[in-house]
Amino acid sequence: MDSTASQTGDLRRVVQANEVIKKVIRISSGVNLVALNAMLIAKRSGERSRGFAVVSSELRVFSRKLEGAMTGLGALIFELVRDAAAMRKQLHERHHLFNIPAREQQMREIMEPVLARMDERMHKTRGQIGRDWHKLRLQLNRVLQLCETGGSLARSAKIEAVYGGDMSATLKQVANQIEETVNEIFSTLKLLRTQLAE
Amino acid sequence: MKKLEFIYEDGHHKWAVVARDLEKPGFLIDTNEYLVVNGSEALLADPGGMEIFSAVFSAISAEVDPCTIRHLFASHQDPDVISSLALWLDFNPDLKCYLSWLWGSFIPHFGGTAETFVSIPDEGMDISLGGLTLEAVPAHYLHSSGNFNLYDRKAKILFSGDVGAALLPSGEDGLFVENFDRHIRHAQGFHRRWMGSNAAKLNWCERVSRLDIDMLCPQHGAIYRGEDVKRFIDWFAALDVGSAIKE
C-alpha cells in the first residue's frame with residue numbers, strides 16, 4: 001500500500017494534523033498585532049529608528065501574507081478532514097457489503113457489480129484525498145518559506161533596534177516577540193511536515 | 001456547508017451548534033447537532049445521520065478536537081438523530097452513547113456493542129461531563145415513545161430534540177428565532193403531526209416551564225432565546241397535537 005493509500009483510511013492521522021495546523025493558525029493571528037505595534041513604536045521614535053521603521057513596515061506586509069497563507073492552510077485541512085471522513089463512511093459501507101456470504105455463483109454475480117461500483121466510488125474519494133494531501137504539503141512548504149522570510153525580518157529588526165536610542169529596549173522587545181512567534185510556527189510546521197512524510 | 005458556532009461560553013464550559021447546511025440535498029431533512037464542551041471532555045447531542053457524517057465531523061474538527069468527544073446523546077431512535085453512530089465509533093470505539101432504555105436493542109442496528117450504550121430510565125438521569133452535571137429530561141411521546149431532552153442547569157440551555165422544531169423554507173436560515181410569530185408558522189404543522197399525545201405535551205410543558213431556560217435548542221430549525229422560550233412553551237401547551245391527518 002503506498003503512503004497516500006495508507007493515509008486515506010486514517011482519519012485520526014488527519015485529525016492530528018488538523019489540530020497542529022489549528023494551533024499554528026492561533027499563534028500566527030498574534031503576528032499581525034505585534035507587527036502593527038512595531039510600526040507604531042517606530043513612528044513614535046521618529047528619526048532615531050528610521051531603519052526599524054522600514055523593517056517594521058516589511059513585517060506588516062509579511063504578517064498579512066502569513067494571514068493569507070494560514071487561511072489557505074485552514075481551508076485545505078478542512079477539505080482533507082471532510083474527505084477523510086467521507087472515506088470512513090464508504091469503507092464502512094463496503095465492509096458490510098463485503099461480509100455478505102457469496103458462496104453461490106448467483107449471489108456472487110449479484111454482489112460483484114455492487115462491490116465494483118463501490119470500489120469505483122472509493123477510488124475517486126481516495127484520489128481526492130491524495131490531491132488534498134498534495135495541496136496541503138505544497139501550502140505547508142509555502143508557509144515554511146514565508147516563515148524563513150519572517151525570521152530574517154525579525155533578525156533585521158533586532159539589529160535596527162540597537163540604533164533606536166532610548167527606544168532601543170522597546171524596539172528590541174517587539175523584534176524578539178516577532179522572532180519567537182515566527183520560530184514557534186516554523187518549528188511546529190517543520191515537525192508536522194516530517195511527521196506527514198513518515 | 002455545515003459550520004460550528006458557539007452559542008454559550010463560560011470559560012471551559014461551552015455549547016456549540018453545528019447548524020444548517022445550505023448545500024445539502026433537498027431530500028434530506030436539515031438537522032442541528034449540539035456539542036457540549038466542559039474542559040477536555042465533550043458530549044455530542046443527536047450526532048446526526050450517516051449521510052451527513054463527513055459534514056458534521058469536519059465542521060466540529062474546524063473548532064474542537066473531535067478526540068475530546070467521549071459521549072453521544074441520542075434524544076430518540078430516528079436515523080437523522082443517530083444513524084452515524086457506527087462512524088463515530090469507528091473513530092473512537094470507547095465512546096459511550098446515552099439513550100432511552102426503550103431503544104437499547106434497536107439502535108445497535110446502527111452500530112455499537114453492549115459496552116457502547118448507557119440506558120436512560122424513563123424518569124431520566126444525570127449525565128456527568130467532566131464534573132458538569134447534565135440532566136436527561138423525559139419528553140416521552142414527543143414525538144418518540146422513548147424520548148429525552150438534555151438540560152444544562154448552569155448554562156440554562158435545554159436541548160429539546162424534536163420539540164420546538166421548525167421546517168424552515170430556504171432563505172430563513174438564521175441561527176436564532178428573530179420573529180416568533182413568523183417563525184412559529186413553520187413549526188405548527190410539524191408539531192401537530194409528529195407530536196402524538198396532548199397529555200404528554202401538557203406534562204412536558206408543566207415540567208419544562210419550571211426550569212430556568214435561556215435557550216431552547218431544537219434538532220431542526222432555529223433556536224428560541226429569552227422571552228421566546230416561554231412564548232414557545234405557551235404556544236405548544238395550547239396546540240392540539242396528534243391532529244394533522246387530512247380527512
Side-chain angles (χ1 to χ4, degrees), chain A residues 7-29 70-100 118 121-122 124-129 131-133 135-136 188 192, chain B residues 1-6 9 14 16 18 21-25 28 33 35 37 40 42 44 47-70 72 79-80 82-95 108-113 116:
Chain A
Q7 284 161 358
T8 56
D10 197 345
L11 188 53
R12 275 202 171 255
R13 187 183 167 95
V14 174
V15 165
Q16 279 164 6
N18 183 38
E19 288 308 306
V20 174
I21 288 171
K22 272 158 56 185
K23 181 183 154 198
V24 164
I25 291 173
R26 273 196 299 273
I27 298 166
S28 71
S29 64
M70 286 297 172
T71 305
L73 204 56
L76 289 172
I77 191 68
F78 181 86
E79 281 172 25
L80 182 56
V81 172
R82 187 195 56 202
D83 293 337
M87 189 69 186
R88 282 309 315 165
K89 175 177 171 279
Q90 289 172 13
L91 281 166
H92 181 81
E93 286 167 345
R94 194 188 189 286
H95 172 77
H96 280 287
L97 281 175
F98 193 71
N99 280 350
I100 294 174
M118 192 156 267
R121 222 171 63 199
M122 285 172 63
K124 276 186 190 161
T125 311
R126 192 172 281 128
Q128 185 56 49
I129 292 173
R131 286 190 290 280
D132 290 344
W133 275 114
K135 282 195 261 180
L136 186 74
T188 310
L192 177 66
Chain B
M1 189 172 75
K2 269 184 168 289
K3 193 172 170 236
L4 181 139
E5 293 186 55
F6 288 100
E9 287 191 69
K14 298 172 189 174
V18 182
D21 184 359
L22 305 179
E23 291 169 13
K24 67 145 193 59
L28 280 177
E33 292 73 35
L35 189 71
V37 182
S40 58
L44 183 60
M50 195 172 201
E51 287 300 316
I52 61 161
F53 171 73
S54 65
V56 174
F57 190 90
S58 51
I60 290 174
S61 300
E63 299 289 340
V64 177
D65 183 351
C67 295
T68 60
I69 301 174
R70 313 267 168 81
L72 301 177
D80 65 322
I82 188 68
S83 68
S84 61
L85 174 63
L87 299 174
W88 285 102
L89 287 168
D90 268 354
F91 179 69
N92 179 6
D94 296 329
L95 275 174
H109 281 280
F110 290 139
T113 63
T116 306

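As the structure is a prediction and not an experimental result, all values here were calculated from the model. Naming: A, B, ... by sequence-line order, numbering from 1 per chain.
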- Message: Show, in sequence, the C-alpha distance, side-chain angles and deciding distance for Leu89(B) and Phe110(B), and conclude whether the side-chain contact (heavy atoms from CB on, under 4.5 Å) test is met.
- Response: CA-CA 10 Å; Leu89(B) 287 168; Phe110(B) 290 139; over 6 Å; no

- Passes side-chain contact (heavy atoms from CB on, under 4.5 Å), Leu192(A) versus Val24(A)? Steps please. CA-CA 11 Å; Leu192(A) 177 66; Val24(A) 164; over 6 Å; no

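Once rounded to the nearest 0.5 Å, the distance linking CD1 of Ile77(A) with CH2 of Trp133(A) reads 6.0 Å. Here the straight-line distance linking atom CG of Leu95(B) with atom CG of Leu85(B) works out to 8.0 Å at 0.5 Å rounding. How far CD1 of Ile69(B) is from CZ of Phe91(B): 8.0 Å, rounded to the nearest 0.5 Å.
Partners of Leu97(A) under the side chain to side chain contact (heavy atoms under 4.5 Å, CB included) rule, at least two apart in sequence or in another chain, are Ile100(A), Met111(A), Val114(A), Leu115(A), Met118(A).
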Enumerate, by atom name, each donor-acceptor pair separated by under 3.5 Å where one atom lies in chain A and the other in chain B.
| residue | atom | partner | partner atom | Å |
| --- | --- | --- | --- | --- |
| Arg12(A) | NE | Phe91(B) | O | 3.2 |
| Arg12(A) | NH2 | Phe91(B) | O | 3.2 |
| Asn18(A) | ND2 | Ser61(B) | O | 2.9 |
| Lys22(A) | NZ | Ser61(B) | O | 2.7 |
| Arg88(A) | NH2 | Asp90(B) | OD2 | 3.3 |
| Lys89(A) | NZ | Glu51(B) | OE2 | 3.2 |

